[in-house]
Amino acid sequence: MSQSNVWTHKGTFILAAVGSAVGLGNLWRFPYVVGENGGGAFILVYALTVLLVGLPILMAETLIGRHGRQSPIMSMIALTKSHNTSKIWQVIGWMGALAALLILSFYSVIAGWSVHFGIQQFSGSMQGASHEAIATVLDNLLASPVLLLVYHTLFMVASAIIVGLGVHRGLEKGLRIIMPLLLVMLLLVLAYGAVYGEMGQAASYLFSFNLSALSLQGWIAAMGQAFFSLSLGLGAIMAYGAYMPARESISKSAATIALADTGVALVAGLAIFALVFAAQLDPASGPGLMFISLPIAFSAFPAGALFGGVFFILVFFAALSSSISLIEPVAAFLVERFRLSRLQAVCAMAATAWLLGILTVLSFNVMAEGTIFHTLFKRSAFDSIDFLATNILLPVGGVLIALFAGWALSRAEVERELGTNARWFLLWQFAVRYVAPTAVLFVFLKGLGFTSGDVWPLVVALGFMASFVAGRSLWLKADS
Ligand code: TRP
């Protein structure tokens with residue numbers, strides 16, 4: 001790969017990865033998932049998952065990316081050849097591209113809502129309005145396929161322009177503008193929450209770890225949230241890792257990224273719950289938390305229109321710096337493999353995701369409950385796409401990445417890339433070889449209906465064995 005595709009500045013990898021990680025997952029998904037799962041107990045589980053499963057896989061993705069130095073698909077093709085392993089592992093690249101397409105399709109639609117809410121906030125029309133009136137803003141938006149499509153298109157075009165401009169002029173430059181802006185806006189909203197909200201109540205809600213409230217259901221939600229929030233399992237971080245200068249430490253970068261992502265989620269959670277509590281709203285109100293409860297809370301306090309507007313701009317840009325990481329891996333592949341120009345590649349990916357996004361647009365109106373699709377699949381198209389990508393493709397991809405990095409790459413290669421000492425290396429290796437695969441297996445079995453908590457020693461034994469077999473014998477060496 002030419003030197004031109006290495007980030008120009010030291011630290012751009014961290015900036016880009018944090019940009020990818022911090023998005024709707026932190027500002028929209030995290031608070032409502034916390035609310036649905038009882039607050040502090042969930043956060044404890046989430047933090048453990050990030051540390052034991054997320055961080056090791058984050059390191060694995062980065063190191064495969066930098067080692068391969070190409071798009072995820074091409075890197076995996078090259079690495080399976082050079083390491084003489086089965087071609088099976090190339091599904092990491094292909095599955096990742098599919099997951100990126102699926103996630104981008106609905107991500108863009110939901111990010112588009114923030115444009116609508118930003119406009120509504122700044123217009124001041126929500127100030128002093130009744131709770132019911134504010135709640136109908138979302139209902140009315142969702143009832144209009146045309147409006148949804150307009151915002152979806154706007155967001156997709158904005159994302160495509162940044163990626164289309166290239167690694168340096170687009171991504172690097174864009175991120176160097178967006179990310180500091182995000183930090184400022186986040187602090188503004190936090191300050192607003194501190195002044196008008198019930199910070200104390202929010203803090204005790206988020207940080208009082210009532211261990212008895214720790215449900216198995218919480219583990220499942222925490223796993224999906226960790227993969228989604230850290231941008232793991234589909235090659236986004238791998239693609240950014242491919243542009244990372246050789247000297248930068250992967251372990252330190254990964255720790256910084258995980259810390260920043262979790263930090264932003266907590267700060268956003270603090271600000272949002274402080275306002276929600278102050279307006280005496282329900283923290284467990286589900287996906288509508290950000291688009292219904294928060295505007296209601298803003299409407300109740302001074303300068304709420306202004307700060308509410310700022311908040312939704314924050315959401316928009318956080319989503320933008322994430323969506324570009326969904327386009328980049330696939331676009332880079334199309335350029336490498338089919339010799340498309342960057343612009344052609346980006347347009348191909350964005351247009352396909354845009355088309356697919358129409359399914360999500362229609363899920364809220366034309367294809368909502370009661371229609372054929374809904375009856376056939378027992379959930380909306382949006383829920384189906386989200387479920388397939390977030391709860392299945394991401395964890396499976398993440399485990400395959402962990403297994404490949406943990407078993408196929410040599411110790412010397414990994415140690416050189418990670419830049420850690422032997423102790424940390426062994427810890428990391430144990431995590432990617434055994435802990436992460438077992439944790440995901442556990443959650444999957446649970447999802448399949450093995451509901452009893454008593455089976456966990458069995459699952460742990462099974463997970464360790466399966467990982468060992470996959471790593472050693474089922475490895476299917478290409479020449480045997
Ligand atoms: N992490 C982003 C968020 O929290 C979403 C995202 C961007 C993502 N790129 C990804 C999720 C890659 C999974 C994989 O909003």
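Each ligand, and each atom within it, is numbered from 1 in the order the structure gives. Heavy-atom basis, side chains included; hydrogens, waters and symmetry copies ignored. From a predicted model like this one, the values you see are computed outputs, not experimental measurements.
- For the side-chain hydrogen bond (donor to acceptor under 3.5 Å, both in side chains) test, no residue two or more places apart in sequence or in another chain qualifies with Ser363.
- When only non-hydrogen protein atoms are considered, atom 4 (O) of ligand 1 lies nearest to Ala21 O, 2.9 Å.
- Among Ile257, Val6, Val18, the single residue meeting the side chain to side chain contact (heavy atoms under 4.5 Å, CB included) criterion with Phe13 is Ile257.
- If you look at Phe298 and Phe307, their ring centroids are not closer than 6.0 Å.
- With sequence neighbours excluded, the residues forming a side chain to side chain contact (heavy atoms under 4.5 Å, CB included) with Ala332 are Ser71, Tyr243, Glu328, listed by chain and number.
- Here the heavy atom of the protein found nearest to atom 2 (C) of ligand 1 is Ser20 O, 3.2 Å.
- Using a 4.0 Å cut-off between charged nitrogen and carboxylate oxygen, Glu417 and Arg66 count as a salt-bridge pair.
- The two residues Tyr240 and Ser20 come nearest to each other via the heavy atoms CE1-CB, 4.0 Å.
- By the 3.5 Å distance cut-off applied to N or O atoms, Leu394 is not counted among the residues near ligand 1.
- Considering backbone and side-chain N/O atoms, Leu230 never comes within less than 3.5 Å of an N/O atom of ligand 1.
- Near Leu326, the atoms of ligand 1 lying under 4.0 angstrom from a non-hydrogen atom of the residue are 9 (N), 10 (C), 12 (C).
- The aromatic ring centres of Tyr46 and Phe30 sit less than 6.0 Å apart.
- In terms of polar-atom proximity, defined here as any N/O pair under 3.5 Å, Leu24 does make such a contact with ligand 1.
- Interface of Ser229 with ligand 1, defined as ligand atoms under 4.0 Å from a residue heavy atom, comprises 1 (N), 4 (O).
- Among protein heavy atoms, the minimum distance from atom 10 (C) of ligand 1 is reached at Ser231 OG, 3.4 Å.
- Residue contact check: Leu234 has heavy atoms under 4.0 Å from atoms 12 (C), 14 (C) of ligand 1.
- What sits closest to atom 9 (N) of ligand 1 on the protein, heavy atoms only, is Ser325 OG, 3.0 Å.
- Among the atoms of Phe228, some N or O lies under 3.5 angstrom from an N or O of ligand 1.
- At least one heavy atom of Tyr107 sits closer than 4.0 Å to an atom of ligand 1.
- In this structure the side chain of Trp113 reaches within 4.5 angstrom of the side chain of Val109, judged on heavy atoms.
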